[in-house]
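The next block holds one structure in the form of structure tokens; read it before the comments.
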Amino acid sequence: MVVLSKTTTEQYPCIRNIKQTTFSTEIPLVDLSKPDAKNLIVKACEEFGFFKVINHGVSMESITLLESEAVKFFSMPFNQKEKAGPANPFGYGNKNIGQNGDVGWVEYLLLTNNQDFNSIRLSPAFGKDSDKLRCLLSDYMSSVKKMACEILELMAEGLNIEQKNVLSKLLMDKDSDCIFRVNHYPPCPESILNNDDDGENVIGFGEHTDPQIISLLRSNNTSGLQICLKDKSWISVPSDHNSFFVNVGDSLQVMTNGRFKSVRHRVLANGLKSRLSMIYFCGPNLSEKIAPLPFLIKGNESLLYREFTWFEYKKSAYATRLSDNRLGHFERIKDS
Ligand SMILES: C=C1C[C@]23C[C@@]1(O)CC[C@H]2[C@@]12CC[C@H](O)[C@@](C)(C(=O)O1)[C@H]2[C@@H]3C(=O)O
Ligand SMILES: O=C(O)CCC(=O)C(=O)O
Ligand SMILES: [Fe+2]
């Protein structure tokens, strides 16, 4: 991405007075090796739709190796990276997010859990290194998926659901629709120039909720990620390159009949440092039915959402703008 002048940064969305946003120490922390993990997960999903995970079981070696390949990729000249594009549906993307007009100060790789497909997509840019990358990706994705299953099993236990694998089995399906994304946010000169309380910050990735069940995010030590709280205020998430962050996605909001809320989040570009994040989005098989889980419905509690397949939801979500409320179309009309 070689876009540095004022005129070009003007094409990106900005936010005013962001400097007043506080760095939060209140982000829930879950140690997966501790017995209270299941209850802390449920509490965090109810209150924030977001939590930080330590003792996650993904080796630092596999993280570091993949991250350094990603850094290598993004430092290639644009015409080389472009060979892995466009990101429709998978590949290299720059500035444009999705197909409906959203833009951000970001370049990225969007990949599937089908390694052969990734390899074909990446090899024109990576050349003979693409086999190595395929192995690193495959190792990383299987460890992260294992962690996701562990989290979903703890969640089911914390929710007192008898069938412990009711959520994790959706990911264990060999045709689960998981997506892997690597985002690179180069330092943004406009964000340094406006480094005061009345200034503006350039948006790296605009506010949105993730459509899937959960998303597992890690980044280098550059901040920028913010989450929206129940009172609609935004807090900055302190970066921590040793931990993972978990987002509740729209599909889990539906399955818990609104008890867990999908977290609205966004990324602001940093004036000085680049941010590199890797996110694994856990989606089920396209034919999987998404609906409130019957064993979570109490007495005469009404169902907030109608049943739909993941295919239906994904298709509808991908026709929306980033900041839209995607679940609106799937809410049940209340009886009067
Ligand atoms: C603007 C869009 C980008 C997105 C597809 C969409 O139309 C609305 C959902 C967006 C999102 C957010 C989470 C993930 O980053 C993503 C891959 C996803 O599944 O939904 C993106 C989509 C994308 O970048 O294509
Ligand atoms: O890059 C990040 O830290 C978050 C990006 C994000 O929310 C997404 O890709 O859906
Ligand atoms: Fe997201």
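Reckoned from all heavy atoms, side chains included, excluding hydrogens, waters and symmetry mates. Atoms within each ligand, like the ligands themselves, are counted from 1 in listed order. Nothing fancy with the numbering, it's 1 onward along the sequence.
- Sorted by first and then second residue, the salt bridge (charged side-chain N to carboxylate O under 4.0 Å, His left out) pairs involving residues 238-254 (not counting sequence neighbours) are K52-D240.
- Only the side chain of D102 comes within contact range of ligand 1, with a heavy atom under 4.0 Å; no backbone atom does.
- Among the candidates Q212, K145, K169, the single residue satisfying the side chain to side chain donor-acceptor pair (under 3.5 Å) test with S176 is K145.
- Side-chain atoms of E207 and S323 form no donor-acceptor pair, as typed in the model, at a separation below 3.5 Å.
- Of the charged side-chain nitrogens involved, none lies within less than 4.0 Å of a carboxylate oxygen, so that E312 and K315 do not count as a salt-bridged pair.
- Looking only at protein heavy atoms, the nearest one to atom 11 (C) of ligand 1 is P211 CD, 4.3 Å.
- Around CZ of F295, the count of heavy atoms belonging to other residues, nucleotides or ligands within 6.0 Å exceeds 12.
- For the Fe ion (ligand 3), the count of nearby protein N, O or S atoms, meaning those under 2.8 Å away, is 3.
- Ligand 1 lies less than 4.0 angstrom from a heavy atom belonging to R326.
- Of the protein's non-hydrogen atoms, the one nearest atom 25 (O) of ligand 1 is Y318 CE2, 3.6 Å.
- Between the side chain of T256 and the backbone N or O of F260, at least one donor-acceptor pair lies under 3.5 Å.
- No donor-acceptor contact under 3.5 angstrom links the side chains of S223 and K273, judged on distance only.
- Ring geometry for F74 versus H184: interplanar angle under 30°, hence parallel rather than tilted (30 to 60°).
- Checked against a 3.5 angstrom limit, the closest N/O atoms of D210 and ligand 1 fall outside it.
- Between D177 and W310 there is a side-chain heavy-atom pair separated by less than 4.5 Å.
- The ligand atoms of ligand 1 that sit less than 4.0 angstrom from a heavy atom of N100 are 7 (O).
- Geometrically, K314 engages Y318 in a cation-pi contact defined by less than 6.0 Å to the ring centre and at most 45° from the axis.
- Atom 10 (C) of ligand 1 has its closest protein heavy atom at L322 CD1, 3.8 Å.
- Close contacts between ligand 1 and F281 involve ligand atoms 13 (C), 14 (C), 15 (O) [criterion: under 4.0 Å to a heavy atom].
- Sorted by chain and number, the residues within 4.0 Å of ligand 2 by heavy atom are R181, N183, Y185, F205, H208, D210, L217, H265, V267, R275, S277, I279, F281.
- With sequence neighbours left out, the side-chain hydrogen bond (donor to acceptor under 3.5 Å, both in side chains) criterion links S233 to D231.
- Of all atoms in ligand 1, listed by their number and element, those nearer than 4.0 Å to a heavy atom of H208 are 12 (C).
- Remark: Q163 CD is packed, more than 12 non-hydrogen atoms of other residues, nucleotides or ligands lying under 6.0 Å away.
- A donor-acceptor pair shorter than 3.5 Å can be found between the side chains of H265 and D210.
- With respect to atom 24 (O) of ligand 1, the closest heavy atom belonging to the protein is R181 NH1, 2.8 Å.
- The cationic atom of R121 (NZ for Lys, CZ for Arg) does not lie both less than 6.0 Å from the six-membered ring centre of F90 and within 45° of the ring axis.
- Taking any N or O of Q212, backbone or side chain, at least one lies under 3.5 Å from an N or O belonging to ligand 1.
- Taking a cutoff of 4.0 Å between a charged side-chain nitrogen and a carboxylate oxygen, E331 and R306 do not qualify as a salt bridge.
- Between R321 and ligand 1, a contact under 3.5 Å exists for no N or O pair.
- Of the polar atoms of T320, at least one N or O is found under 3.5 Å from an N or O of ligand 1, judged by distance alone.
- For atom 8 (C) of ligand 1, the candidate residues are G93, S323, G98, A317; the nearest heavy-atom contact is made by A317.
- Linking ILVMFWY residues whenever their side-chain heavy atoms come closer than 4.5 Å, directly or via other members, leaves Y140 and M172 in distinct clusters.
- In summary, E46 and K261 do not engage in a salt bridge, as defined by a charged side-chain N under 4.0 Å from a carboxylate O.
- For atom 18 (C) of ligand 1, a protein heavy-atom neighbour is found at a distance under 4.0 Å.
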